[in-house]
Number of protein chains: 2
Amino acid sequence: MPRPRTHDEALRVRLLDRAGELIAAEGATALSLRRLAADAGTSTTAVYSLFGGKPGLVRELYVEAFHRLGTRLRAVPMTGRPAEDLVLLGVAYRESALADPHLYGVMFGGAIPGFEPDDEATSHSRAALAPLLEVIAAGVETGVFLDSGGTMAVGCWGIVHGLVSLELLGNLPPGMDVAATYERSLRANTAGWLNRASG
Amino acid sequence: MPRPRTHDEALRVRLLDRAGELIAAEGATALSLRRLAADAGTSTTAVYSLFGGKPGLVRELYVEAFHRLGTRLRAVPMTGRPAEDLVLLGVAYRESALADPHLYGVMFGGAIPGFEPDDEATSHSRAALAPLLEVIAAGVETGVFLDSGGTMAVGCWGIVHGLVSLELLGNLPPGMDVAATYERSLRANTAGWLNRASG
DNA sequence: AGCGTCCCGTGACAGTGTTATGGAACGCTA
DNA sequence: TAGCGTTCCATAACACTGTCACGGGACGCT
């Protein structure tokens, strides 16, 4: 009779927590299975039993990171004015990325070479962006925005993701007021989607 | 008497060419010094003599990639209408990235773990984006755009880079018309920077 | 011709992810 | 309770990586 799988849940969360700490503190390259296992008081094969390998471990961090992002975005208080809410969501998106820059690299930067998110993992990523879609849908509904077939969501996600990526990778000129520039850019982009026939 | 350094220039370009081929064909993780040296008919120490190590080699690819990007952007025929030219530059930017996706990862994605561009290398990156700054400056000059202190350039670079990054990393929903969505988003973003008091 | 320097091939070291082997702990059945 | 079957994970090896000490041979200059 096959004995049911009773994975050591405590060890599992200990590995995940420590992996997150290592990435947060020293970046994705500092996450080595040997070091991780030693810190967690186990050996590398435990990672293979619990996660199937390093990519499997990273996958858990990936969905966890998107879960946190989604929570932060859903926690943003909405004003009911779509153009304003869109900017608020963008600011919260940046703050979420800055709160854990290396995790953002895991989500979007391809920071871990062997890791590619599967379809089930990417569905988590899109779920985290649901508040963005809702605000846009509300704006289109009330005639504030002009959109066609989800184009606007991609454009808004693009500018938010682009500016955050440039900032995190140090590509923005030093000394600039990133927060102000960021918000100003978001407002301009939002303005471009306004329906100027109404209002 | 110290003999002048006579680096093997042929070997140097052979290594760089092959490194570019490897990255283009199989991604940044496929670029190993041993394989590169074997393909070029030399040994790994040659890379250390010529480039100082793997990061030094990647640095050359980095500036080369930005050189190509700059060349493509400068080759875009300008119409003289800033709002239109801005979109044209954005489209050329995307085409340049799609022409060699893995090189784009070297430029912005942090695809090679040990590599961080130094100040001199990042100056090359900003030089490649000069056409963008020129178009914006021309638009501000003629009163078409409303900008303050380079904010608009960052915003435009952000959306372009963000959409290209999302596309290259497979984060956009499958089956969508990326080219059309991309151009539509660029037009909307540009519209947000227009000076509505004039014109 | 000879000297001094530099280029780079050989080989080693420490690190990585991965996996075959095997022992020990555990759940279930008899 | 004894024993079986399975699962978990510790040990150790393999192939691979970037890096560097060593040293031979080629080269430019006097």
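The sequence lines fix the lettering, A, B, ..., with proteins before strands; numbering per chain opens at 1.
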Atom pair distance, as rounded to whole Å: [atom1] in [X] and [atom2] in [N]:
{"X": "A:L22", "N": "C:dG17", "atom1": "CG", "atom2": "P", "value": "11 Å"}
{"X": "A:F51", "N": "C:dT18", "atom1": "CZ", "atom2": "P", "value": "14 Å"}
{"X": "A:L57", "N": "C:dT18", "atom1": "CG", "atom2": "C1'", "value": "14 Å"}
{"X": "B:Y48", "N": "C:dC8", "atom1": "OH", "atom2": "C1'", "value": "14 Å"}
{"X": "A:L36", "N": "C:dT16", "atom1": "CG", "atom2": "C1'", "value": "14 Å"}
{"X": "A:L11", "N": "C:dA25", "atom1": "CG", "atom2": "P", "value": "16 Å"}
{"X": "B:E9", "N": "D:dC27", "atom1": "CD", "atom2": "P", "value": "17 Å"}

Could you tell me whether A:R14 and A:E9 make a salt bridge, using a distance below 4.0 angstrom between a side-chain N and a carboxylate O?
no
Thinking salt bridges, do A:R59 and A:E120 make one under a 4.0 Å N-O criterion?
yes
Scan [X] against the nucleic acid and name what it touches under 4.0 Å (heavy atoms): base, sugar-phosphate only, or nothing.
{"X": "A:P55", "result": "sugar-phosphate"}
{"X": "A:L31", "result": "sugar-phosphate"}
{"X": "B:I112", "result": "nothing"}
{"X": "B:S32", "result": "sugar-phosphate"}

When you measure from the side chain of [X], which nucleotide among [options] comes out closest?
{"X": "B:T42", "options": "D:dA10, C:dG9, C:dT19", "result": "C:dG9"}
{"X": "A:T45", "options": "D:dT11, C:dC8, D:dC20", "result": "D:dT11"}
{"X": "A:L33", "options": "C:dG17, D:dG18, C:dT10", "result": "C:dG17"}
{"X": "B:L50", "options": "C:dT18, C:dC8, D:dT19", "result": "C:dC8"}
{"X": "A:S49", "options": "C:dC8, D:dC20, D:dC9", "result": "D:dC9"}

Between B:F66 and B:F108, what is the ring plane arrangement, given parallel below 30°, perpendicular above 60°, and tilted in between?
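B:F66 vs B:F108 ring planes: perpendicular.
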Can you tell me how far CD1 of B:I23 sits from NE2 of B:H102, rounded to the nearest 0.5 angstrom?
9.0 Å
To the nearest 0.5 Å, tell me how far A:W157 CH2 sits from B:L166 CG.
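Between atom CH2 of A:W157 and atom CG of B:L166 there are 5.0 Å.
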Taking the nucleotide of DNA chain C with the closest heavy atom to each, which residue, A:R35 or B:S43, is nearer the 5' end?
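The 5'-side residue here is B:S43.
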Less than 3.5 Å between a donor and an acceptor, one on the side chain of B:R34 and one on the base of D:dG18, is that the case here?
yes
Taking the nucleotide of DNA chain D with the nearest heavy atom to each, does B:G52 or A:G41 sit closer to the 5' end?
A:G41
